[in-house]
Colleague: 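Okay, here's the structure, questions in a sec.
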Amino acid sequence: MDPTLRAGFEAALETAVNTALKYDPGTRVRLAELSGEVLALELSAPRLNLFLCIEDEWVAVRHQWEGQVTTELRGSATAFLRLLRDTGVTPASLGVTVIGSSTFLAELQEILHDLDIDWEEPLAQLIGDVPAHTLGEALRSAGHWLRGQLQVAPGAAAEAVSEEWRLTPPKAQFDAFAEDLSELAMATERLEARVQLLREKFAHRGAE
Amino acid sequence: MKDRKTTHFGYREVPVEEKASRVAEVFHSVASRYDLMNDLMSGGVHRLWKRFTIELSGARPGQTILDIAGGTGDLTARFSRIVGAEGQVVLADINESMLKVGRDRLLDRGIAGNVVPVQADAQYLPFPDNTFDCITIAFGLRNVTDKDLALRSMLRVLKPGGRLLVLEFSKPQSKLLEKVYDQYSFRLLPTMGRLIAGDAESYRYLAESIRMHPDQEALLGMMREAGFVDCEYHNMTGGIVALHKGLKP
């Protein structure tokens, strides 16, 4: 790839990250405490190597870094995103390999989890305080509604598939079937063991 | 009558001792609008070329870096953040106007403390031997009268193991791109120079000086000849620009 394109991608990513940070002073202060630390990301899908270097309150995105790396992560892009956003998951559960300091990773996870960007501020500079606040409120309400819908969506979809459309059996029916299957499997194993025992007895008598 | 030694100034041949003053005139003329013109001429891509240069510099906190022909201080600003309070960046330029614009711009951005502006000729760098961890020269080498002398001077002031990075216009790698680039350089560029900086001649010189500059392989050979080792180059934007790297053994 032409280095110009790669540099363009890194510059765009860096600008996006630092623009977001610009509107969250709390996170910037916490990042400044980690200044000098470097997170190396080796993505398997898509294949990409990146270094996220914390410089004071900002993040520099680089393709090459010859200094010391604090923590190196290897895995897929989606796994990285989940790992950095969700403090409840472990790298191993997502198939991510961690080399170096896990403390730095935990600190980054905490910071990203608490990220609270005040999008109203740049909006207010463009359209004024009152319209920005009104628009912000509307977007927040829409966001809450969407999050609520997304939370109930998997349950509602499962119910529709089994109860309404009868594409899959209801859970109770499936559980009973699974229990029967399990008993049948155990009975089969017991029968197999008895047959084996009888075979051994007959073989022993034949030999006498 | 004794023959006078000449060198190129764009497509013209001028006496060697005149080139520096002619180049100085060009940059005095464009200094105040140099950044704006760079952005317009390259569509902002010069920032990405410089960004890649910073990456390849391998600069780290505490290092000492020399930014030759640093002009308006783009690279210096970035290096200043990387080397931190324990490091130092020397912003060097032969042209007083460019250096003044660069120094003021850095101060306006709050970049001070670890940056030292120095008016210096790349051919005769006024620093002790083995001083710098890294030297960069971005879009400056083609304006130097004696490039070999400048490369040897850079080698002298680099620490052993230190690296030189030369970012410079070069030769496009495709014939089609070369044709488009020629049209752009000799037709559009002087017009833009006239409209924005009020100086078509200076921008015509910039286009001509790019064509007269050694291509990728020639510059690589010059760096090796000067004494650099592990020399390599990276073509950028189809070879319109190339970044050469060499180490001091």
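In what follows, chains carry the letters A, B, and so on, assigned in the order in which the sequence lines appear, proteins first and then strands, with residues in each chain numbered from 1. Side-chain atoms are counted along with the backbone in the values below, which use heavy atoms only and exclude waters and symmetry mates.
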Colleague: Quick one: which residues of residues 51-67 of chain A reach chain B at under 4.5 angstrom, heavy atoms only?
Modeller: Glu55(A), Trp58(A), Ala60(A), Val61(A), Arg62(A), His63(A), Gln64(A), Trp65(A), Glu66(A), Gly67(A)

Colleague: Please step through salt bridge (charged side-chain N to carboxylate O under 4.0 Å, His left out) for the pair Arg47(B) and Glu14(A), ending with a clear verdict.
Modeller: CA-CA 14 Å; Arg47(B) 295 177 190 279; Glu14(A) 187 177 289; over 6 Å; no

Colleague: Around atom CZ of Phe177(A), are there more than 12 heavy atoms of other residues, nucleotides or ligands at under 6.0 Å?
Modeller: no

Colleague: Once rounded to the nearest 0.5 Å, what's the spacing between atom CD of Glu55(B) and atom CZ of Arg6(A)?
Modeller: 7.5 Å

Colleague: Using a heavy-atom distance cut-off of less than 4.5 Å, which residues of residues 235-249 of chain B contact chain A?
Modeller: Asn235(B), Met236(B), Thr237(B), Gly238(B)

Colleague: Could you tell me whether Lys159(B) atom NZ has more than 12 heavy atoms of other residues or ligands within 6.0 Å of it?
Modeller: yes

Colleague: Against chain B, label Glu10(A) side chain, backbone, both or neither, depending on which of its atoms sit under 4.5 Å from a heavy atom there.
Modeller: both

Colleague: More than 12 non-hydrogen atoms from neighbouring residues, nucleotides or ligands closer than 6.0 Å to CD on Glu192(A), yes or no?
Modeller: no

